[in-house]
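Report on the following structure.
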Amino acid sequence: DQAVADLRAAAAEARGRGAPELAARLLRRALRERPAPDIESELLLGDVLRRHATVRGEKTAYVIGADRVTYADFHAGSNRLARALMRLGVRRGDRVAVMAANRIEYPLIYFAAIKLGAVVIPTASLLARDDLLDRITRGDVKHVITGSANTAKVDALGGDFTRIAVGESTPGWLSLA
């Protein structure tokens, strides 16, 4: 937009004349007056993955240890997991804490939740009990997904959230095996 370009040029000129306050005001005004983005033309993360799967499906998307996952497998796997998470009760807008270790499933889980419109809250398995409880409480978490090795740590917190385990079956937890 020409008005925004003119404001940016005026800000550059003001900066060159040694008037940084004026330059800052002009740049703030340019930011306020810039046109709103065309939301329809922007891509969501799920769209980016779908496009990569279509264009470069056999290329490696990520590597964990000796495991390599192609874009096609990443897209298909995250779609399968999104359907599984939906069956387990995850919905658009839900906050999902994912306590991740370096496992092949975790990028799939992140993208599956994002494709559903859920909000992913990354949670390190090394967090102390109080820090984990704080993250889950302040994040208003509705679902926790973690490996079976961390289920006891999460159970010790109490709380009213869905518990979803990755890997071995764990009593009291829904399984995402």
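The basis for the numbers below is simple: all heavy atoms, side chains too, and nothing from hydrogens, waters or symmetry mates. Not measured: the values here are computed from a predicted model.
Under the side chain to side chain donor-acceptor pair (under 3.5 Å) criterion, T151 pairs with no residue, sequence neighbours left out. The side chain to side chain donor-acceptor pair (under 3.5 Å) check on T170 picks up nothing, with sequence neighbours excluded. Take D134 and apply the salt bridge (Lys or Arg N to Asp or Glu O under 4.0 Å) test, not counting sequence neighbours, and it matches R138. In this structure, the side chain to side chain contact (heavy atoms under 4.5 Å, CB included) partners of E21, at least two apart in sequence or on a different chain, are R25.
The two residues A53 and A72 make their nearest non-hydrogen contact at CB-CA, 4.0 Å. Of all heavy-atom pairs spanning F74 and A61, the tightest one is CD2-CB, 3.7 Å.
Placement of V69 and L81 within a single hydrophobic cluster is found when ILVMFWY residues are connected by side-chain heavy-atom separations under 4.5 Å, directly or transitively. V90 and L49 end up in the same hydrophobic cluster when Ile, Leu, Val, Met, Phe, Trp and Tyr side chains are linked at under 4.5 Å. Put simply, W173 and V98 are part of two different groups of oily side chains (I, L, V, M, F, W, Y) that touch within less than 4.5 Å, one to the next. V166 and L157 are members of different hydrophobic clusters when ILVMFWY side chains are connected at heavy-atom separations under 4.5 Å. Criterion: ILVMFWY side-chain heavy atoms under 4.5 Å apart, direct or through other members. Under it, V120 and I136 are not part of a common hydrophobic cluster.
The side-chain heavy atoms of L176 and L85, taken from C-beta on, include a pair separated by under 4.5 Å. Taking the side chain as every heavy atom from C-beta outward, I164 and V144 never approach each other to under 4.5 Å. Counting heavy atoms from C-beta outward, T60 and Y71 have side chains that stay 4.5 Å or more apart. For the pair M99/L132, a side-chain contact is recorded, criterion being any heavy-atom separation below 4.5 Å from C-beta on. Considering only heavy atoms from C-beta on, V119 stays 4.5 Å or farther from V96 through its side chain.
Within the structure, salt bridge (Lys or Arg N to Asp or Glu O under 4.0 Å) pairs that include any residue of residues 79-100 comprise D94-K142 (at least two apart or interchain). Listed by first and then second residue, the ring-ring contact (aromatic ring centres under 6.0 Å, His included) pairs that reach into residues 135-170 come to none, sequence neighbours excluded. Within the structure, side chain to side chain donor-acceptor pair (under 3.5 Å) pairs that include any residue of residues 124-133 do not occur (at least two apart or interchain). Applying the salt bridge (Lys or Arg N to Asp or Glu O under 4.0 Å) rule to pairs touching residues 103-114 yields R103-E105, sequence neighbours excluded. Contacts classified as salt bridge (Lys or Arg N to Asp or Glu O under 4.0 Å) and involving residues 144-159 (residues at least two apart or in different chains) are given here: D155-R163.
Here the OH-CD1 distance, from Y106 to I145, works out to 8.0 Å after rounding to the nearest 0.5 Å. Within the model, atoms CG of D67 and CG of D73 stand 11.5 Å from one another, a figure rounded to the nearest 0.5 Å.
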Compile the donor-acceptor pairs under 3.5 Å between side chains in residues 9-18 and protein atoms, sequence neighbours left out, one pair per line.
residue, atom, partner, partner atom, Å
E13, OE2, R17, NH1, 3.1

Under 3.5 Å donor-acceptor pairs involving side-chain atoms of residues 108-115, not counting sequence neighbours:
residue, atom, partner, partner atom, Å
K115, NZ, H75, O, 3.4
K115, NZ, H75, ND1, 3.0
K115, NZ, S78, OG, 2.7
K115, NZ, N79, OD1, 2.8

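The hydrophobic cluster around V63 extends to none of the other residues, as no ILVMFWY side-chain heavy atom falls under 4.5 Å of it.
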